[in-house]
Amino acid sequence: MADPVEDRELARQRLRLWVSMLKSVRSIETELRGRLRSSFDTTLPRFDVLAALHAAPQGLTMTDLSQQLMVSNGNVTGIVDRLVADGMALRQNEETDRRAFRISLTEAGRAKMTEMLEEHHGWIDEFFAGIPEHDLARGIAIMMDLRHSCGRAV
């Protein structure tokens, strides 16, 4: 089988970039998990579900929520069940499909998420504070190019 890599040094650099990206994301996620736990007694997956629902005031179906978070319905169901039990979210049958549910935030859930988002934005700003604005724009463009090259324009 022939080696598809034409430029081994370029391929090595791409691999280094990939590993560096993973380490950076994991480092930030670890810090976010700790801060969410200590400041709000919540988890990153729960925060992600709340954020997706906060961005969709009309609510989301379980399928739409799963697709936005790029996880299975099963992964989201347990989190949604706990949010409903905690009074943070509502689960309502879809009018067009009685088997489907639409999930939306309650007023308490929206208020709590607004509070968490303010803190979260501050944390992210803190993490990236040392990066000049032109490098931020360049980094965003690179990430968008990468998503497009992988077939996922998110």
Could you check whether any side-chain heavy atom of [X] comes within less than 4.5 Å of a side-chain heavy atom of [Y], counting everything from C-beta outward?
| X | Y | result |
| --- | --- | --- |
| Asp48 | Ile79 | no |
| Glu115 | Glu119 | no |
| Arg35 | Glu126 | yes |
| Phe101 | Leu65 | no |
| Met143 | Met21 | yes |
| Leu83 | Arg91 | no |
| Met88 | Arg46 | yes |
| Trp123 | Leu36 | yes |

May I ask whether [X] and [Y] are part of the same hydrophobic cluster, defined by side-chain heavy atoms of I, L, V, M, F, W, Y residues being less than 4.5 angstrom apart, directly or through others?
| X | Y | result |
| --- | --- | --- |
| Leu117 | Phe40 | yes |
| Val80 | Met70 | no |
| Phe127 | Leu22 | no |
| Leu53 | Met62 | yes |
| Ile124 | Phe47 | yes |

Where do [X] and [Y] come nearest, in terms of heavy atoms and distance?
| X | Y | answer |
| --- | --- | --- |
| Gly87 | Thr106 | O-OG1, 2.7 Å |
| Ser149 | Leu146 | OG-O, 2.9 Å |
| Pro45 | Arg33 | CD-NH1, 3.9 Å |
| Gly59 | Ser104 | CA-CB, 3.9 Å |
| Leu69 | Ala52 | CD2-CB, 4.3 Å |
| Phe128 | Leu136 | CD2-CD2, 4.0 Å |

Between Thr30 and Arg26, is there a donor-acceptor pair closer than 3.5 Å when you use the side chain of the first and the backbone of the second? yes

Check whether Arg110 reaches the backbone of Leu105 with its side chain - one donor and one acceptor, N or O, closer than 3.5 Å. no

How far does [atom1] of [X] sit from [atom2] of [Y], to the nearest 0.5 angstrom?
| X | Y | atom1 | atom2 | answer |
| --- | --- | --- | --- | --- |
| Leu17 | Ile142 | CG | CD1 | 7.5 Å |
| Arg102 | Thr63 | CZ | OG1 | 10.5 Å |
| Leu50 | Ile103 | CG | CD1 | 12.0 Å |
| Thr43 | Arg82 | OG1 | CZ | 7.0 Å |
| Arg138 | Ile131 | CZ | CD1 | 12.0 Å |

Is any NZ, NE, NH1 or NH2 atom of the basic residue among Glu9 and Arg12 found under 4.0 Å from an Asp or Glu carboxylate oxygen of the other? yes

A quick test of your reading: do over 12 heavy atoms of other residues, nucleotides or ligands sit less than 6.0 Å from CG of Asp145? yes

With Ser66 as partner, the option from Asn75, Thr77, Thr61, Asn73 fulfilling side chain to side chain donor-acceptor pair (under 3.5 Å) is Asn73

